[in-house]
*Asks:* 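The structure that follows is given in the form of structure tokens.
Residue numbers begin at 1 in each chain, while the letters A, B, ... track the order of the sequences.
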There are 2 protein chains.
Amino acid sequence: MPDTLKDLEQKIRSFTPVSDSDMEFGLQFYKRKTFKKGQFLVQPGQYIRDFYFMKQGCVTFYTIEEGITRVMEFYTSGSFFTDLYPYIEEIQSESYLEITEDSIVYVISKLDALKVFDHSHALERFGRLSMQKAFINNFQRINRIKNLSNQERYLQLLEKRPSLFQRVPQYLIASYLGLTPVGLSKIRKRLSKK
Amino acid sequence: MPDTLKDLEQKIRSFTPVSDSDMEFGLQFYKRKTFKKGQFLVQPGQYIRDFYFMKQGCVTFYTIEEGITRVMEFYTSGSFFTDLYPYIEEIQSESYLEITEDSIVYVISKLDALKVFDHSHALERFGRLSMQKAFINNFQRINRIKNLSNQERYLQLLEKRPSLFQRVPQYLIASYLGLTPVGLSKIRKRLSKK
DNA sequence: GATTCTAATTAAACTAGTTTAATAAATATT
DNA sequence: AATATTTATTAAACTAGTTTAATTAGAATC
């Protein structure tokens, strides 16, 4: 087990206890890969074979429909991610996973991930708990979208993930917030006047 | 194992194979309960001890903030649900789970659910996969909220869950869609003119 | 350093929602 | 059946966003 996977190991153990032998079994399948800004992990039409852990960097998950880029999520250090629906259903992706900043990513194939879950009850539990956490995060995001104004959500993003604004152009953040670039610019102007 | 749990058993098996003995072990902890319209499974201030499966009926998951009712979800037949965040974190709920239609619910305590996951790798996998499905559903809901107009989302709800409109007053559906009752009424009027 | 290209802001006209209040239609109660 | 209560609609004024287009600012390239 290469030492570079220490942070992934820590992340897993933050969810549930895992024996050293199970951990070693699981981590052996992960490959460390580096990507340059502008590269794609996923493009429309592809089948999703892999599951990812972002060690360092940033990837943007988006679609383009009728020429409009729609950002669904930015994944940064410490996040697990993939294009989950096509990954599960083994259908073609309709999305992009584009590296937005030079990144180090740990990659495990779906086949290997299933082996890991088969082999270790503890790691299956980790899978359940990490999915549970992702569920809760999404649920809370829905509530923010429904219950807060766009201005409030902009301010909250600025507070909770300030580094995004260094990493990613503003029009992508606007899309993530469900706004046009013009709309976000107006909000910023309104706020700067106070 | 009482025969009344057949549909829960089927639901679980729709996710992953489970041996009869594991299934029997798991199902023994579920209690069948009936509730009348207007009863509450959860109210603000309570700790969440239980996880639920809706056999028949409807429950509305909402908060009241500054006098405004905000509907997060309607759970109907075949859904697993609870107020997950306080359930996990063992903090007080801030929400209501109100029975909106006479219902039959299967209930398992958190303690028993943990016993089940400890005892059976297969049922832990079921837990992972059901959570994964819930995650995907929420993710797709976020995308609908972000990418569709309110009118489109109203039409889609009408198409996908028509029975909701029989079960639940319109102002709660408006809230679920992130609209005021006035706003939803306007959309309906606009559509009826076509 | 000048040029080119991309991103962000601004302006103007527009739109789909909001709020508040009044009215109408259903539903529940006596 | 009559009354009270709750729910849904309508109207009017307002607002936070949109779209389109022009302008400015910032980055990258030659």
*Asks:* Check whether any side-chain nitrogen or oxygen of A/Asn150 sits under 4.0 Å from OP1 or OP2 of D/dA16, and answer yes or no.
*Replies:*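 For D/dA16, neither OP1 nor OP2 has a side-chain N or O of A/Asn150 closer than 4.0 Å.
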*Asks:* To the nearest angstrom, how far is A/Glu152 atom CD from D/dG17 atom P?
*Replies:*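 One finds 10 Å between P of D/dG17 and CD of A/Glu152, rounded.
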*Asks:* From C/dT9, C/dA8, C/dG17, pick the nucleotide closest to the side chain of A/Arg188?
*Replies:* C/dT9
*Asks:* Do A/Asn150 and A/Arg153 get their side chains close enough for a donor-acceptor pair, meaning under 3.5 Å?
*Replies:*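 Note: A/Asn150 and A/Arg153 side chains meet the donor-acceptor criterion.
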*Asks:* List the protein contact pattern of nucleotides 19-30 of chain C with one symbol per nucleotide (5' to 3'): B for base contact, S for sugar-phosphate-only contact, - for none; contact means a heavy-atom distance under 4.0 Å.
*Replies:* BB----------
*Asks:* Rounding to an integer number of Å, can you tell me how far A/Leu148 CG sits from D/dG17 P?
*Replies:*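 Between P of D/dG17 and CG of A/Leu148: 12 Å.
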*Asks:* Looking at B/Arg167 and B/Glu101, is any side-chain nitrogen of the basic one under 4.0 Å from a carboxylate oxygen of the acidic one?
*Replies:* yes
*Asks:* Tell me, please, which residues at least two apart from B/Arg125 pass side-chain hydrogen bond (donor to acceptor under 3.5 Å, both in side chains).
*Replies:* A/Asp118, A/Glu124
*Asks:* Not counting sequence neighbours, which residues clear side-chain hydrogen bond (donor to acceptor under 3.5 Å, both in side chains) with A/Arg188? List them please.
*Replies:*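 side-chain hydrogen bond (donor to acceptor under 3.5 Å, both in side chains) check on A/Arg188 returns A/Tyr154, A/Gln170.
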*Asks:* Find the bend of the helix from C/dG1-D/dC30 to C/dT30-D/dA1 as the angle between its two terminal axes (five pairs each), to the nearest 10°.
*Replies:*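 The end axes of the helix from C/dG1-D/dC30 to C/dT30-D/dA1 are about 40° apart, to the nearest 10°.
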*Asks:* What integer distance in Å separates A/Phe165:CZ from D/dG26:P?
*Replies:* 18 Å
*Asks:* A cation-pi test, strictly: NZ or CZ of B/Lys11 under 6.0 Å from the centre of the six-membered ring of B/Phe53 and no more than 45 degrees from its axis. Yes or no?
*Replies:*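 Judged by the rule (NZ or CZ under 6.0 Å from the ring centre, within 45° of its axis), B/Lys11 is not positioned above B/Phe53.
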*Asks:* Check every strand shown and say whether B/Ile187 touches a base, only sugar-phosphate, or nothing at a heavy-atom separation below 4.0 Å.
*Replies:* sugar-phosphate
*Asks:* Residues two or more places apart in sequence or in another chain: which of them pass salt bridge (Lys or Arg N to Asp or Glu O under 4.0 Å) with A/Arg161?
*Replies:*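 Counting only residues at least two positions away or on another chain, A/Arg161 forms a salt bridge (Lys or Arg N to Asp or Glu O under 4.0 Å) with A/Glu73.
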*Asks:* Just by distance, with hydrogens left out, do B/Asp112 and B/Tyr30 show a side-chain donor and acceptor under 3.5 Å apart?
*Replies:* no
*Asks:* Hydrogens and angles aside, do B/Ser109 and B/Asp50 bring a side-chain donor and acceptor to less than 3.5 Å of each other?
*Replies:* no
*Asks:* Nearest to the side chain of B/Lys189, which nucleotide is it out of C/dA16, C/dA7, D/dT10?
*Replies:* D/dT10
*Asks:* Could you list the donor-acceptor pairs under 3.5 angstrom formed between side-chain atoms of residues 56-63 of chain B and any protein atom two or more places apart in sequence or on another chain?
*Replies:*
residue : atom : partner  : partner atom : Å
B/Thr60 : OG1  : B/Thr100 : OG1          : 2.5
B/Tyr62 : OH   : B/Glu98  : OE1          : 2.5
B/Thr63 : OG1  : B/Glu65  : OE2          : 3.3

*Asks:* Whole Å only: how far is the OH atom of B/Tyr171 from the P atom of D/dT10?
*Replies:*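 So the two atoms are 20 Å apart, to the nearest Å.
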*Asks:* Quick one: on DNA chain C, does B/Leu184 or A/Gln170 contact a more 5' nucleotide (nearest heavy atom)?
*Replies:* A/Gln170
*Asks:* Over how many whole Å does the gap from A/Ile173 atom CD1 to C/dA7 atom C1' extend?
*Replies:* 13 Å
*Asks:* In whole angstrom, give the distance that lies between atom CD of B/Gln151 and atom P of D/dT18.
*Replies:* 18 Å
*Asks:* Using whole Å, report how far OH of A/Tyr154 lies from P of D/dA16.
*Replies:* 17 Å
*Asks:* Expressed in angstrom and rounded to an integer, what is the separation of B/Leu179 atom CG from C/dA16 atom C1'?
*Replies:* 10 Å
